Every structure is written in C-alpha cells, then in structure tokens.
Peer 1: 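Just dropping this structure here.
Not measured: the values here are computed from a predicted model. In what follows, chains carry the letters A, B, and so on, assigned in the order in which the sequence lines appear, proteins first and then strands, with residues in each chain numbered from 1.
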2 protein chains.
Amino acid sequence: MTPNKELQESRMRGYFIESTREILKGEGLKALNVRAVAERAGYSYATLYNYFKDLNELVFICVNDFMIECESFVEDHTREYQPGRQRLKQRMIALIRYFTQYPGIFELFYLERMNSLGSQHPTAAAIYRFTDSLSEADLAAMVSGSITDKETAENIRLSLRNAATGMLLFYMNRMQPDGYKAFMETAERQLDFILGRDQA
Amino acid sequence: MTPNKELQESRMRGYFIESTREILKGEGLKALNVRAVAERAGYSYATLYNYFKDLNELVFICVNDFMIECESFVEDHTREYQPGRQRLKQRMIALIRYFTQYPGIFELFYLERMNSLGSQHPTAAAIYRFTDSLSEADLAAMVSGSITDKETAENIRLSLRNAATGMLLFYMNRMQPDGYKAFMETAERQLDFILGRDQA
DNA sequence: TTAATATAATTAACAATGTTAATAAAATTA
DNA sequence: TAATTTTATTAACATTGTTAATTATATTAA
C-alpha cells in the first residue's frame, strides 16, 4: 500500500486552515495567534510550521477563501435582479451585510495586518480590486444601456468602493451610526446618493 | 528654594510626548514601542510608566495633537476662500495632503491601534467626527446660501468623509492609484463628483 | 552638615507571541 | 527487526508591554 502523501499533507493543511477560519470569523484577528490556531487544530504550535511558512501564509489563504465566500453571498442575494443600477445597489447592500455579519473578516481585509506585508502581495491586490469586481458587471450594463456615461460610471465605481469600506470602517471601529438598523438606513441613503436618482 | 514639581513633571512628560510624536511622524506605528520612545527621550523604558499609564496614553495625546496640527494645516491652506463649496473642496484636498505627507498619522487615526481600545474612548469619538468638523462650516454656508438642501448636505458630509478616508486607505495600504500625482487627480475628480457641478 | 526619608530612575523579571533548533515519536524501508 | 526517514513535540530565543525590586538622587530634619 503506497501512502498518499499529498492527501495527507493537504488534510493537515486543511485542519490548520479551518482552525484559522473559525478563529477569524468568530473572535477576529486580535484572537488569532499561532498557539490558538494549533490548539484548535489539535496539534502543537510548532507543527504548523511544517505545513506553512508562517502565520501570514495561513491568513492569506483565508482571505482568499473569504473573498470567494463573500462573492457567493452577494451572488445569492441578487439573483432575481437584472444587471443595472438597482442590482448594483443590492449588491453593495449584500456586501455590507456580509461584513457586518463577520466584522473580523472586514478587519482582516481592510485594516491591520495587510499592512504588515507589502502592497505588492497578490492578496493585497485582490482585496484592492474586490469591491470593483463586484460592481463591474452592473456598471458595464449601465454604460451600455446609456444610463450613465463612462466617466460617471468610473466615479461611481470609486465612490461605491469608498462608501462601502468607509461606512463599515466607521461603523465597526466606532460603532457609529448607533445600531445595525440605523446603520443600514444610512448606508442605503448613501448608496442612493452615489448611484443617482432615476434619470434615464 | 522650593522646587516646582509641576514644571518638572510637565517637562518629563513633554520629553516622552515629543519622542512619540517624532517616531509616529517619521517611522509610523510599526516602529513605535516603549523602549524606542524611552531611548529617544533619553530615559529608561520603565521611567515612562512613572509619567504615563501605558503606551496608549501617549498615543492618545499625540492623536489629539495631530488633530489640532492638521486642522491648522487645513486652515492655513484655505484662508483665501469664502465659506462654501469651493472652499470645502480645497479643505478636503488639504486634509488629504496632510495625511499623504504623514502616512503614519493616517494609519494611527484610522487603522490598527484605535481598534485595541474601546470605541467609547473620547479620542476615538473625536477622530470619528474629525472630517465632519472640517466640513461643517462650509456645508452650513452651502445650505444657508441655498446651494444645496439639508438632506443633500448630509449626504455630502458622509460621502466626503468616506471618500477622503477611503481613498487614503487604498492609496497608502496598496499604493493605488500609482503615484502621488495620479492619486491627487483622482481625488479631485472624486471630490467634484461628490460636491456636484455648478447648479446655483 | 549629615543622617533619615521620600522621590525618581534603573535593572530584573514576567507574560504573551512569533519563530527556530533540538529532541522525541512514528512511520517507512531495507 | 534494525536503520532510516519523516513528522511532531518540547525547549529555547527574540521582541514587546508591563510590573516589581533595587539603586540612585534629592529633600528634609536634627
């Protein structure tokens, strides 16, 4: 019987990745450390280093997973809409919902640790383009449907990105506006303001 | 001769505060630690604890100093303008300039460490209101001059705050858009978009 | 002025965390 | 089954924040 080394290794990696995911989703970055990850995975802290270069590697893997997860979440919540302005708004709302549900993931994406590694890291670049990738299709539809011109679409793209991350940053870091409901109402008003009123 | 205890203590505090300011402005948060602050101040690391509760206290003092400094910077750069939309735009540009000049201060204001302390801390609240306080007067002027209605002014206020912090966040963390000049052009376009074209 | 006391500063030490080196355990092969 | 390779664990080190113990300095009372 020839042991399947690759399968074994991939399982081991999986245990640590799953453990990291759970901590990040549950308690957030502050609670993440090598010993906590290893303990939850059922191994000693040093074992982790047999499968990953360092803790950051694990974090990056999770960031990529979360991006995919968030994208699916947004997709699932906007299936009934046609590409265009209304769907774009709903997509942004879904994005905001996802992050308020998992504040630790937002923190991970836009704050702290990303800092520690250089900006050229592919994961950092992917995060940078993340909200853009979510708005891309709808903006294209709006342009081709002559609802907006190209330049405005570009401004909307940037404004949406800043509005989403900005509002979440302030909401989570300083808990303002106070309470989820008030926050979502403000968010919706902001989105309407950026996306403009009916005009086509 | 009766020694002036208060003067002595205030001088000592000053040495540590100045040291902290220099490190934050120069090398940023990552380089800030108790031993570095104390060494630059010319004392042992433990001496710091005779004058400050902990490193965070020192950081908060600096945050407040930097807010005042930034406010003066903005004021100095917009003296020639009348209150209103044009000045508001210039004020935002000045704000962005200040933070690009001192990335460490931006990082300090909006990222990392603020996290570590609760959101109820008065310094956190002051940061939250910081951009609002800069835009307040001009927005009021725009409303009273019937250039915008109250609701729009409120939307502009939020959008400006998000745009400023959002663009800086992306620029500094991921160095995008590439280069200072391109960044400032994008920033100006964004501000124009948010503030709206001539309409009064 | 000098001994006693209070104040202030320093070194030693501890805890938490990331990481690596040395050792032990387990699995594989000859 | 012994030798070897692979994998996992414990020990250990570095960094950082913080506190305790110790030493040095300044102040006060005789």
Peer 1: Taking CD from A:Q8 and C1' from D:dA8, how many angstroms apart are they, rounded to a whole number?
Peer 2: 14 Å
Peer 1: Could you state the CZ-C1' distance from A:F16 to C:dG18, rounded to the nearest angstrom?
Peer 2: 15 Å
Peer 1: Assess A:R13 against A:Y51: is NZ or CZ under 6.0 Å from the centre of the six-membered ring, and within 45 degrees of the ring's axis?
Peer 2: no
Peer 1: Rounded to the nearest Å, what distance is computed from the CD atom of residue A:E39 to the P atom of nucleotide C:dT17?
Peer 2: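 Distance, rounded to whole Å: 12 Å.
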Peer 1: Between D:dT9, C:dT17, D:dG17, spot the one nearest the side chain of A:T47, thanks.
Peer 2: D:dT9
Peer 1: Looking for any heavy atom pair under 4.0 Å, which part of the strands does A:Y45 touch: base, sugar-phosphate only, or nothing?
Peer 2: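 Base, at least one base heavy atom under 4.0 Å.
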Peer 1: Quick one: B:F52 CZ to D:dT19 P, roughly how many Å, whole number?
Peer 2: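 Going from B:F52 (CZ) to D:dT19 (P), I get 15 Å.
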Peer 1: Could you check, using the six-membered ring where one of them is a Trp, whether A:Y98 and A:Y102 have ring centers closer than 6.0 angstrom?
Peer 2: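 When the ring centroids of A:Y98 and A:Y102 are compared, they turn out to be within the sub-6.0 Å range.
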Peer 1: Can you tell which of D:dT18, C:dG18, D:dA8 lies closest to the side chain of A:M12?
Peer 2: D:dA8
Peer 1: Out of D:dT18, C:dG18, C:dT10, which nucleotide sits closest to the side chain of B:V34?
Peer 2: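 It is D:dT18.
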Peer 1: So if I take every side-chain heavy atom of B:Y49 and compare against C:dT19, C:dT20, D:dT18, which nucleotide ends up nearest?
Peer 2: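 Ranking C:dT19, C:dT20, D:dT18 by closest atom to the B:Y49 side chain puts D:dT18 first.
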Peer 1: Between B:R40 and B:E18, does at least one N-O distance fall below 4.0 Å, as a salt bridge requires?
Peer 2: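 Salt bridge absent between B:R40 and B:E18.
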Peer 1: For the side chain of B:N33, counting heavy atoms from C-beta on, which of D:dT16, C:dT19, D:dT18 is nearest?
Peer 2: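 Output: D:dT16.
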Peer 1: Mind calculating the distance between CG (B:L48) and P (C:dA8) to the nearest angstrom?
Peer 2: 15 Å
Peer 1: How would you label the contact of A:N50 with the nucleic acid (heavy atoms, under 4.0 Å): base, sugar-phosphate, or nothing?
Peer 2: base
Peer 1: So for atom CD, which belongs to A:E22, do other residues, nucleotides or ligands contribute more than 12 heavy atoms lying within a distance under 6.0 Å?
Peer 2: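 Counting neighbours around CD of A:E22, more than 12 heavy atoms of other residues, nucleotides or ligands fall under 6.0 Å, so yes.
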Peer 1: Rounded to whole angstrom units, what separation is found between the CG atom of B:N56 and the P atom of D:dG17?
Peer 2: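 Value for this atom pair: 10 Å.
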Peer 1: What is the distance from CG of B:L32 to C1' of D:dT18, rounded to the nearest Å?
Peer 2: 15 Å
Peer 1: Counting only side-chain heavy atoms from C-beta out, which of C:dT10, C:dT19, C:dA9 sits nearest to A:D54?
Peer 2: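 So the side chain of A:D54 is nearest to C:dT19.
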Peer 1: In terms of heavy-atom contacts, does CD of B:Q101 have more than 12 from other residues, nucleotides or ligands at under 6.0 Å?
Peer 2: yes
Peer 1: From C-beta outward on B:R35, which listed nucleotide comes closest to its side chain: D:dT16, C:dT17, D:dT9?
Peer 2: D:dT16
Peer 1: Looking at every strand, decide which applies to A:Y51 at a 4.0 Å heavy-atom threshold: base, sugar-phosphate, or nothing.
Peer 2: sugar-phosphate
Peer 1: A:L58 has an atom CG; how far is it from atom P of C:dT17, in whole Å?
Peer 2: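 Taking atom P of C:dT17 as the reference, CG of A:L58 is at 16 Å.
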